[in-house]
Q: 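There's a structure below that I have some questions on.
Convention: sequence-line order gives letters A, B, ...; per-chain numbering from 1.
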Amino acid sequence: MGQYDPRAIEEKWQKVWDEQHAFYADADPARPKYYMLEMLPYPSGTMHMGHMRNYTIGDAVARFRWMRGFNVLHPMGWDAFGLPAENAAIQRGIDPREWTRLNIAEFKRVLKRFGFSYDWRKEISTCEPEYYRWNQWFFLRMLERGIAYRKKSRVNWCPKCQTVLANEQVVNGCCWRHEDTLVEAREIEQWFLKITDYAEQLLADMKEIEDGWPERVLTMQRNWIGKSKGARVRFRVEGSDETIEVFTTRIDTIYGATSVLLSPEHPLVPKLLDSGSASAQDHAEWDRLRKRVLKTEEIATAEKEGFFTGRYALNPFSGEKIPIWVANFVLAEYGTGALMSVPAHDERDFEFSRKYNLPVRVVVQPLNSAPLNGATMSVPFSEHEHGTLVGSGPYNGLSPDEAIEKMTADAEARGFGNAQITYRLKDWGISRQRYWGTPIPVIYCPKCGMLPVPDDQLPVKLPEKVDLVETGKSPLATAPDFVNVKCPKCGEMGRRETDTMDTFVDSAWYFYRYCDPHNDKAPFDEEIVRHWFPIDQYVGGITHAILHLLYSRFFTKVMRDIGLVKINEPITRLFTQGMVQKGGVAMSKSRGNVVGAVEMAEQYGCDTGRLYTLFAAPPEKDLEWSEQAIEGCSRFLQRLYRLVDAQAERLRGVKSLSYDGFDISKATLKEKILLRKAHQTLKRITRDFEQRWHFNASVALIMELFNGLHAQEPLSEGANPAVIKKVFEMMVLMIAPITPHISEELWEMLGNSGGIIKYGWPDYREDLAAEEEYEIVVQINGKVRAKLMVADGQGEEELRQLVMADPHVAALIAGKSPAKVIVVPKRLVNIVLKS
RNA sequence: GCCCGGGUGGCGGAAUGGCAUACGCGGGGGACUUAAAAUCCCCUGUCCUUUACAGGACGUGUGGGUUCGACCCCCACCCCGGGCACCA
């Protein structure tokens, strides 16, 4: 009698898989492929059980697919550039390269300890020149096509750090390291990728993936892109040649416009103020509004403020003269930075106009309620259904939708407006004034201007031993050997670009590189990528619902346009797993509530950890870590081991049941019970793995099968050992994707060799799952009143008569005549009595 | 405010419109043991009737509806979680 020794078993089988190259996946046209991907980790600190859930889910599915005969590409790599390495360097003087490599080694050790089925030959690390070289290559291709461009843009600047801050480093409008120092807005030249060119495609192509992606992720992306249809309309400024262009989705309400509002940053504001009657006070007010950087939490609740510029605009439809105001809630970056204020039909305009006593004029009257009065109404009427236009000259009587169409056309014909689609999505700013990232491959020559680094000079390598102390410039600017470079065109001395790329660039295409990770001629071989793509299943956290996944989709479209790939969308199915919590909050080092993955594995074995992770909650929900429940999982594996161990000697030499010529009707009762249970379980678990991903329910089913076996002890009596062996094998195979190590061990103990992956998933037999008799629930008026056993194969009518003939049922009916009898074969009979 | 999720025993959670609470945890009782641990067996939604065997009523956030039948579908509401949010 052996003892379940997880550590020894896990080590043993990991070695075997390694030696057999069990999970090597090479493109093979003869076999069906499956690309299983989990989001690559940022290697930092120690790995805890919160990290492991993602990989456990992915690994169970990958192993299931292997067993189903797929050739599974299941790679792993490292999102290795980024701020923490740089901060460690600044704070502790460690080389970011060194720090990152140590972390990777640690992460890799943990992943190996858990026996995940990765093809480690495919490993990539984004901070290595072999990888980021292709970031640079993609950048150059985008530069050629005008997708990469430079423009001045506002950044967060901390005057104390003398450096640029990322948005997440701004806390309450102050620097994260200097809580008393307000962050300033500064304009500097930055590189952008024109994702807005693809806004429409990113929206439209969602229909290719909507069956495989969670609806909420698609909704979040849709909102992020923020398409809105409307019109641009130009208002002339009275007494000047200037015009103000506004964007509106409700051109139908233009007769109700009672002011034009400009964003404080609008370029026309200074001109209007200088040439008008603006007082010094107005200028001061303008300054105040312009400088105010609102904290994110404040934006929604902030008081609306503004002032009159002293100038008027002319409504191009009515010719009416309306005042031009500057208002703090008008966004400079959206639309045209100016809008027409229609207080009667817009909540924000209403609030603003009431505050400053600007007139409110109703131009759309609701059809379903009493007519509104602008002077007295307390809530604007903003819906565009169920309304009709009034006070709008020739457009009176139209519905808003009709009016929008007609007025847009008229504006266009009369030359003061046009239809316009506006997106919330902005171009992707990729410049980072940081060291630990991909250098942007551009050279500035005093004679020739900005030039791309020629392809044959890639990669532009990150220099080593750079002084990372903040100076207000990009760290690379302080490395003369890096900066000073000959112009590739004229040979004069020029300067390299010293900004590095956003790390989202790294992760926007890494999954392509996995297919062909060592290619030094191209980012990847197109044919190999064609074999593996699209990704069949991607698993990761909901935190990446927008940026990473949107950028990945964008990159694929650009790659398609370059001619590298032929697909529109890289990811067919996406799954977002829940977080692992302890004490109701996500595990994190800073909270001090982490359960170390290695510690867990040493105490219970990684199979127990994997089992618990999948059993404790459905994979999409958050999971609360419970030490007691983990004990339960450990106990289950011990019982499983003991049960198999107790029979192993007897069964080892027995040939497992062959279905050829096997007739279940001749089997013993014990055999029938066990075979049926096993096949019923198999049917449901197969479905759980293939479609539903209810792994917690799968585990429960296996536990039930186990309990069923246990209940049939002694197993050495009343059943052919070949049957017992078959059922044991099925149980072991079914749990193998979840707890692979113990499964291999038990499989071997049962006398099998060659490994589970090679053997494959068990065959399902409908005839073996079928019951000979069923318990029929008898309901009277929908309430359960009796149960009886009935042989299978009864038709509805036969079943009805059988039930009605039952003496117990007859007594319950007590002579009343049934008004209706509902019969559900194999399940129930509901007798409806007249009341 | 808008858009998604979700609300089931003491807890984590099961349930193609068909026996609500599978499976696990916890709890109670028992067996084994000198004892404990481990292991094994039994019980474990609430209330009521009954000496007992049994039986009944209620029960999936609340209120309605559809249906022979609703945790599941529809309507309204309450609560919790998440996302977005002056986007004109």
Q: According to the Watson-Crick and G-U wobble definitions, with both distances under 3.5 Å, which nucleotide is paired to rC2(B)?
A: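 Partner of rC2(B): rG83(B).
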
Q: Counting only side-chain nitrogens and oxygens, does Arg635(A) get under 4.0 Å of the OP1 or OP2 atom of rC40(B)?
A: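 No, Arg635(A) has no side-chain N/O under 4.0 Å of OP1/OP2 on rC40(B).
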
Q: Would you confirm whether the ring centroid of Trp428(A) sits within less than 6.0 angstrom of the ring centroid of Phe504(A)?
A: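 Aromatic pair excluded; centres sit 6.0 Å or further apart.
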
Q: Return the value, rounded to whole Å, for the distance between atom CH2 of Trp224(A) and atom P of rA85(B).
A: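 Spelled out: CH2 on Trp224(A) to P on rA85(B) is 7 Å.
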
Q: Rounding to a whole Å, what distance do you find between Glu704(A):CD and rG24(B):P?
A: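 Result: 8 Å.
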
Q: Which listed nucleotide (rG24(B), rC40(B), rG13(B)) is nearest to the side chain of Arg639(A)?
A: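 Selected nucleotide (nearest to the side chain): rC40(B).
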
Q: So what does Val330(A) hit on the nucleic acid, given a heavy-atom distance under 4.0 Å: a base, only sugar-phosphate, or nothing?
A: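 Here Val330(A) touches the bases of the nucleic acid.
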
Q: Examine rA38(B): is either OP1 or OP2 under 4.0 Å from a nitrogen or oxygen in the side chain of Arg642(A)? Give yes or no.
A: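 Negative; the distance criterion is not met.
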
Q: Under 6.0 Å between ring centres, would you say that holds for Phe575(A) and Trp213(A)?
A: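 So the answer is no for these two rings.
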
Q: Classify the side chain of Lys787(A) and the base of rC19(B) as holding, or not holding, a donor-acceptor pair under 3.5 Å.
A: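 Under the 3.5 Å cut-off, the side chain and the base do form a donor-acceptor pair.
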
Q: Under 6.0 Å between ring centres: does that hold for Phe307(A) and Trp286(A)?
A: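 No: the rings miss the under 6.0 Å criterion.
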
Q: Students often get this wrong, so: under 4.0 angstrom with heavy atoms, is Ser626(A) touching a base, only sugar-phosphate, or nothing?
A: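 Nothing, no nucleic acid heavy atom in range.
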
Q: Would you say the base of rC19(B) and the side-chain of Gln779(A) have a donor-acceptor pair closer than 3.5 Å?
A: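 A donor-acceptor contact between them is absent.
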
Q: Rounded to whole angstrom units, what separation is found between the CE atom of Met49(A) and the P atom of rG12(B)?
A: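 Value for this atom pair: 20 Å.
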
Q: Should rG26(B) form a Watson-Crick or G-U wobble pair with both distances under 3.5 Å, which nucleotide is its partner?
A: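 Pair assignment: rG26(B) / rU44(B).
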
Q: Could you check whether any side-chain heavy atom of Gln712(A) comes within less than 4.5 Å of a side-chain heavy atom of Leu674(A), counting everything from C-beta outward?
A: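 Result yes, sub-4.5 Å side-chain heavy-atom pair found.
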
Q: Hey, is the side chain of Arg424(A) poking within less than 4.0 Å of OP1 or OP2 on rA85(B), counting only N and O atoms?
A: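 Affirmative; the distance criterion is met.
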
Q: Under a 3.5 Å cut-off for both contacts, is rU51(B) paired Watson-Crick or G-U wobble with anything, and if yes, with which nucleotide?
A: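 Checking every strand shown, rU51(B) finds no partner, since no pair has both distances under 3.5 Å.
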
Q: Any side-chain N or O of His710(A) below 4.0 angstrom from OP1/OP2 of rC41(B)?
A: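 Affirmative; the distance criterion is met.
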
Q: Applying a 3.5 Å limit to both distances, which nucleotide forms a Watson-Crick or G-U wobble pair with rC68(B)?
A: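 By the stated definition (distances under 3.5 Å), rG18(B) pairs with rC68(B).
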
Q: Identify whether the glycosidic angle of rG9(B) places it syn (within 90° of 0) or anti.
A: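 It is syn.
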
Q: From CD1 of Ile738(A) over to C1' of rG24(B), roughly how many Å is that when rounded to an integer?
A: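 After rounding, the gap between these two atoms is 14 Å.
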
Q: Side chain to side chain contact (heavy atoms under 4.5 Å, CB included) between Leu358(A) and Phe352(A): does it pass, once the steps are laid out?
A: CA-CA 8 Å; Leu358(A) 290 158; Phe352(A) 186 78; 4.1 Å; yes

Q: Regarding Glu620(A), tell me which of base, sugar-phosphate or nothing describes its non-hydrogen contacts under 4.0 Å with the strands shown.
A: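 Here Glu620(A) touches no strand at all.
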
Q: Between Ser228(A) and rA88(B), does any side-chain N or O lie under 4.0 Å from OP1 or OP2?
A: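 Yes, such a contact exists.
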
Q: Given rC23(B), rG82(B), rG13(B), identify the nucleotide with an atom nearest to the side chain of Ala617(A).
A: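 Selected nucleotide: rG13(B).
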
Q: Counting only side-chain N and O atoms of His694(A), is one of them less than 4.0 Å from OP1 or OP2 of rG13(B)?
A: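 It does not, given that no N or O in the side chain of His694(A) lies less than 4.0 Å from OP1 or OP2 of rG13(B).
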
Q: Of all the choices, rA88(B), rA22(B), rA14(B), which nucleotide is nearest to the side chain of Ala700(A) once you look at every atom?
A: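 Looking only at heavy atoms from C-beta outward on Ala700(A), the closest nucleotide is rA22(B).
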
Q: Touch check for Arg827(A), heavy atoms < 4.0 angstrom, all strands: base, sugar-phosphate only, or nothing?
A: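 Base, at least one base heavy atom under 4.0 Å.
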
Q: If you assign each of Arg785(A) and Tyr423(A) to its closest nucleotide in RNA chain B, which residue comes earlier from the 5' end?
A: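 Counting from the 5' end, the first nearest nucleotide belongs to Arg785(A).
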
Q: If the P atom of rA14(B) is compared with that of rC73(B), how far apart are they to the nearest Å?
A: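 Nearest-Å result for rA14(B) against rC73(B) at atom P: 15 Å.
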
Q: OP1 or OP2 of rA14(B) versus the side-chain N and O atoms of Asn696(A): is any pair under 4.0 Å?
A: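 Indeed, a polar side-chain atom of Asn696(A) lies that close.
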
Q: Rounding to the closest angstrom, what is the interatomic distance between rG9(B) and rG59(B) at atom P?
A: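 Per the computed distance, 14 Å lies between those P atoms.
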
Q: Could you work out the separation of rC23(B) and rU44(B) based on their C1' atoms and round it to a whole Å?
A: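 Each nucleotide's C1' atom is 15 Å from the other's.
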
Q: Provide the distance between the two P atoms, one in rG26(B) and one in rU16(B), to the nearest whole Å.
A: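 Per the computed distance, 28 Å lies between those P atoms.
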
Q: Roughly how far apart, to the nearest Å, are rG27(B) and rG10(B) at atom P?
A: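 It comes out at 16 Å once rounded to the nearest Å.
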
Q: For the C1' atoms, the ones on rC74(B) and on rG17(B), what distance do you get once it is rounded to whole angstrom?
A: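 Looking at atom C1' only, rC74(B) and rG17(B) are 14 Å apart.
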
Q: Could you check which of rU16(B), rC3(B), rA88(B) has an atom nearest any side-chain atom of Tyr334(A)?
A: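 Out of rU16(B), rC3(B), rA88(B), the nucleotide with an atom closest to Tyr334(A)'s side chain is rA88(B).
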
Q: Specify the separation, in whole Å, of atom CG of Leu705(A) and atom C1' of rA22(B).
A: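 In whole Å, rA22(B) C1' lies 14 Å from Leu705(A) CG.
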
Q: Please confirm whether the shortest side-chain N or O distance from Arg692(A) to OP1 or OP2 of rA15(B) is below 4.0 Å.
A: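 Yes.
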
Q: Base, sugar-phosphate alone, or nothing: which one does Gly632(A) contact when heavy atoms must sit under 4.0 Å apart?
A: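 Touches sugar-phosphate only.
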
Q: Report yes or no: is the cationic atom of Lys227(A) (NZ for Lys, CZ for Arg) closer than 6.0 Å to the six-membered ring centre of Tyr423(A), at no more than 45° off its axis?
A: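 Geometry flag: not set, cation outside 6.0 Å or 45°.
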
Q: Report yes if a side-chain nitrogen or oxygen of Lys621(A) is closer than 4.0 Å to either non-bridging phosphate oxygen (OP1 or OP2) of rG82(B); otherwise report no.
A: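 For rG82(B), neither OP1 nor OP2 has a side-chain N or O of Lys621(A) closer than 4.0 Å.
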
Q: What nucleic acid atoms does Asn707(A) come within less than 4.0 Å of, heavy atoms only: base, sugar-phosphate, or nothing?
A: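 The residue Asn707(A) makes sugar-phosphate contact but no base contact.
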
Q: Rounding to an integer number of angstrom, what distance separates rU62(B) and rC72(B) when you compare their P atoms?
A: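 rU62(B) and rC72(B) have their P atoms separated by 11 Å.
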
Q: Could you work out which one of rC19(B), rA88(B), rC68(B) sits closest to the side chain of Lys820(A)?
A: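 Selected nucleotide (nearest to the side chain): rC68(B).
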
Q: Select base, sugar-phosphate, or nothing to describe what Val784(A) touches, counting heavy atoms under 4.0 Å on all strands.
A: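 Contact class for Val784(A): sugar-phosphate only.
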
Q: Given the C1' atoms of rG55(B) and rG5(B), what is the spacing between them in whole Å?
A: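 Going atom to atom, C1' in each nucleotide, I get 42 Å.
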
Q: Please state whether the phosphate of rC86(B), meaning OP1 or OP2, lies under 4.0 angstrom from any side-chain nitrogen or oxygen of Lys304(A).
A: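 No, no such contact exists.
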
Q: Report the distance from atom CD of Glu351(A) to atom C1' of rA88(B), rounded to the nearest whole Å.
A: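 Distance check: Glu351(A) CD to rA88(B) C1' gives 14 Å.
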
Q: Over how many whole Å does the gap from Gln420(A) atom CD to rA88(B) atom P extend?
A: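 Rounding to the nearest Å, CD of Gln420(A) and P of rA88(B) are 12 Å apart.
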
Q: Under 4.0 Å, counting only non-hydrogen atoms across every strand here, what does Pro618(A) touch: a base, just sugar-phosphate, or nothing?
A: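 Counting heavy atoms under 4.0 Å across all strands, the contact made by Pro618(A) is with sugar-phosphate only.
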
Q: Return the 5'-most residue of the pair Gln628(A), Asn830(A) with respect to RNA chain B, ranking by each residue's nearest nucleotide.
A: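 The answer here is Gln628(A).
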
Q: Does Phe636(A) have its ring centroid less than 6.0 Å away from the ring centroid of Phe706(A)?
A: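 Between Phe636(A) and Phe706(A), the centre distance is under 6.0 Å.
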
Q: Does the pair Glu305(A)/Lys355(A) count as a salt bridge with the N-to-O cut at 4.0 Å?
A: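 The answer is no: the pair does not qualify as a salt bridge.
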
Q: Going by atom types only, do Asp346(A) and Ser382(A) share a side-chain donor-acceptor pair under 3.5 Å?
A: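 No - no donor-acceptor pair under 3.5 Å links their side chains.
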
Q: Is rA37(B) paired to anything, Watson-Crick or G-U wobble with both distances less than 3.5 Å, and if yes, which nucleotide?
A: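 rA37(B) is paired with nothing.
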
Q: Counting C-beta onward and ignoring hydrogens, is there a side-chain heavy-atom pair between Val326(A) and His266(A) closer than 4.5 Å?
A: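 The answer is no; the side chains never approach within 4.5 Å.
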
Q: Nearest-Å distance, CG (Leu547(A)) to P (rG83(B))?
A: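 Those two atoms, CG and P, are 14 Å apart.
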
